[in-house]
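What follows is a set of notes on a single structure, which appears directly below.
Just so it is clear: chains get the letters A, B, ... in the order the sequence lines come, proteins before strands, and each one is counted from 1. Since we're looking at a predicted model, the values are computed, not measured.
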There are 2 protein chains.
Amino acid sequence: MRLIDGKWKGVILFHLLDGTARFNAIRRRIPGVTPRMLTNQLRELEQDGLILRQVYAEVPPRVEYSLTERGRSLAPVLEALRSWGDANLTLFGAAPPPAVAAA
Amino acid sequence: MRLIDGKWKGVILFHLLDGTARFNAIRRRIPGVTPRMLTNQLRELEQDGLILRQVYAEVPPRVEYSLTERGRSLAPVLEALRSWGDANLTLFGAAPPPAVAAA
DNA sequence: CGGTATCCAACAAGATACTG
DNA sequence: CAGTATCTTGTTGGATACCG
């Protein structure tokens with residue numbers, strides 16, 4: 001529980017299931033996250049061995065985040081969480097998620 | 001995530017998968033939890049519709065907690081979490097759990 | 001037995017501004 | 001682009017003692 005705890009780690013990991021993503025790309029995918037929180041959470045996930053941080057010495061800078069093997073092994077957990085959430089979040093006044101991204 | 005967040009909710013729910021349990025029974029099953037925290041968490045779980053609290057007007061008092069239908073529907077999530085945890089917690093210096101309760 | 005009450009420390013998280 | 005720095009707040013969780 002500790003590893004995916006907090007307000008953001010779950011969604012960060014979930015988005016990374018789709019593949020590698022850069023800092024601001026993740027940020028855009030997660031409404032409301034501040035750069036400080038995103039940095040914090042990414043660093044903790046990295047320390048826990050769930051994600052990999054690849055820095056490219058370029059201008060402009062490029063930093064890519066991806067799941068490690070261990071991170072990918074969390075997929076069943078993340079999928080179970082999401083499917084439960086999809087099936088249950090109408091109860092909390094939230095709008096259901098798009099089944100597939102709207103065209 | 002919000003529903004199973006926090007330090008105790010996960011384990012409380014997990015223990016209730018085994019069936020109905022009384023307050024002090026749960027408390028004994030979860031080392032380190034204070035009565036205040038246990039009450040808090042149980043009340044939140046109840047408000048979120050995941051557990052049922054049954055009070056029997058007896059002396060001495062008896063209060064039984066059990067999962068609601070919705071709470072039971074979390075079983076796949078809890079099982080996924082536990083199996084991931086069992087497979088991975090040696091990395092964090094913790095002792096592996098007993099495969100089956102020791103005789 | 002199954003809790004409450006009170007107080008307090010620690011941390012998570014947010015707002016805002018700035019930088020190599 | 002990918003962060004840092006600083007400050008502030010709200011919430012979580014813990015210690016301890018007591019109650020019907």
Practice task
Using a cut-off of strictly less than 4.0 Å between a heavy atom of the residue and any atom of DNA chain C, enumerate the qualifying residues of residues 27-36 of chain B by number.
Solution key: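 Heavy-atom cutoff 4.0 Å gives Pro35(B), Arg36(B).
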
Please name the pair of heavy atoms, one in [X] and one in [Y], separated by the smallest distance, quoted to 0.1 Å.
{"X": "Ile26(A)", "Y": "Ala21(A)", "result": "CG1-CB, 3.7 Å"}
{"X": "Ala75(B)", "Y": "Leu17(B)", "result": "CB-CD2, 3.9 Å"}
{"X": "Pro76(A)", "Y": "Ser73(A)", "result": "CD-O, 3.3 Å"}

Exercise for the section: Tell me, please, the opening and closing nucleotides of DNA chain D, 5' to 3', among those with an atom under 4.0 angstrom from a non-hydrogen atom of chain A. Expected result: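 Both ends considered, the range comes out as dC1(D) to dT6(D).
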
Problem - Glu46(B): partners by salt bridge (charged side-chain N to carboxylate O under 4.0 Å, His left out), with sequence neighbours left out - result: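 Scan of Glu46(B) (salt bridge (charged side-chain N to carboxylate O under 4.0 Å, His left out), adjacent residues dropped) gives none.
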
Practice task
Applying salt bridge (charged side-chain N to carboxylate O under 4.0 Å, His left out), name anything that partners Arg28(B), two or more places apart in sequence or on another chain.
Solution key: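 Checked Arg28(B) against salt bridge (charged side-chain N to carboxylate O under 4.0 Å, His left out); zero matches.
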
Problem - Sequence-distant partners of Ser83(A), side chain to side chain donor-acceptor pair (under 3.5 Å), two or more places apart - result: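 Listed in chain order: nothing, the list is empty.
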
Practice task
Output all residues satisfying side chain to side chain donor-acceptor pair (under 3.5 Å) with Gln47(A), sequence neighbours left out; order by chain, then residue number.
Solution key: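 Side chain to side chain donor-acceptor pair (under 3.5 Å) check on Gln47(A) returns nothing, list empty.
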
Exercise for the section: Indicate, with a heavy-atom threshold strictly under 4.0 Å, whether Tyr65(A) touches base, sugar-phosphate, or nothing. Expected result: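 Here Tyr65(A) touches the backbone only, sparing every base.
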
Taking only distance into account, with no hydrogens and no angle test, what donor-acceptor pairs under 3.5 Å do side-chain atoms of residues 52-61 of chain B form with protein atoms, sequence neighbours excluded?
| residue | atom | partner | partner atom | Å |
| --- | --- | --- | --- | --- |
| Arg53(B) | NE | Tyr65(B) | OH | 3.2 |
| Tyr56(B) | OH | Glu64(B) | OE1 | 3.4 |
| Glu58(B) | OE1 | Arg62(B) | NE | 3.3 |
| Glu58(B) | OE2 | Arg62(B) | NH2 | 2.8 |

Practice task
Look at Arg2(B) together with Asp48(B) and state whether they make a salt bridge at an N to O cut-off of under 4.0 Å.
Solution key: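 Yes, Arg2(B) and Asp48(B) are salt-bridged.
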
Tell me which donor-acceptor pairs under 3.5 Å the side chains of residues 31-44 of chain B have, and how far apart each pair is, sequence neighbours excluded?
| residue | atom | partner | partner atom | Å |
| --- | --- | --- | --- | --- |
| Thr34(B) | OG1 | Met37(B) | N | 3.4 |
| Thr39(B) | OG1 | Pro35(B) | O | 2.9 |
| Glu44(B) | OE1 | Lys9(B) | NZ | 2.6 |

Practice task
Supply the atom-to-atom distance Ile51(A) CD1 to Leu45(A) CG, rounded to the nearest 0.5 angstrom.
Solution key: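 That separation rounds to 5.0 Å.
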
Handout entry: Pairwise distance CE(Met1(A)) to CG(Leu81(B)) - rounded to 0.5 angstrom
Key =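 Going from the CE atom of Met1(A) to the CG atom of Leu81(B) covers 6.0 Å.
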
Exercise for the section: Could you check which residues of residues 9-26 of chain B get a heavy atom under 4.0 Å from DNA chain D? Sort them by number, please. Expected result: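 Residues of residues 9-26 of chain B that come under 4.0 Å of DNA chain D do not exist, since none gets that close.
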
Problem - Opening and closing nucleotides of DNA chain C in contact with chain B, under 4.0 Å to non-hydrogen atoms - result: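 Using the under 4.0 Å cut-off, the span is dC1(C) to dT6(C).
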
Exercise for the section: Determine whether Asp86(A) and Arg82(A) make a side-chain contact, defined as any pair of heavy atoms from C-beta on separated by less than 4.5 Å. Expected result: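 Heavy-atom side-chain distance check passes, below 4.5 Å.
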
Problem - Any side-chain heavy-atom pair of Leu16(A) and Leu50(A) under 4.5 Å - result: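 Not touching, per the 4.5 Å side-chain cut-off.
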
Exercise for the section: Give the C-alpha distance, both sets of side-chain angles, the deciding distance and a yes or no for side-chain contact (heavy atoms from CB on, under 4.5 Å) between Trp84(A) and Ile4(B). Expected result: CA-CA 12 Å; Trp84(A) 194 91; Ile4(B) 60 168; over 6 Å; no

Problem - Axis bend over the full length of the helix from dC1(C)-dG20(D) to dG20(C)-dC1(D), computed from five pairs that close each end, to 10 degrees - result: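 About 60° separates the two local helix axes.
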
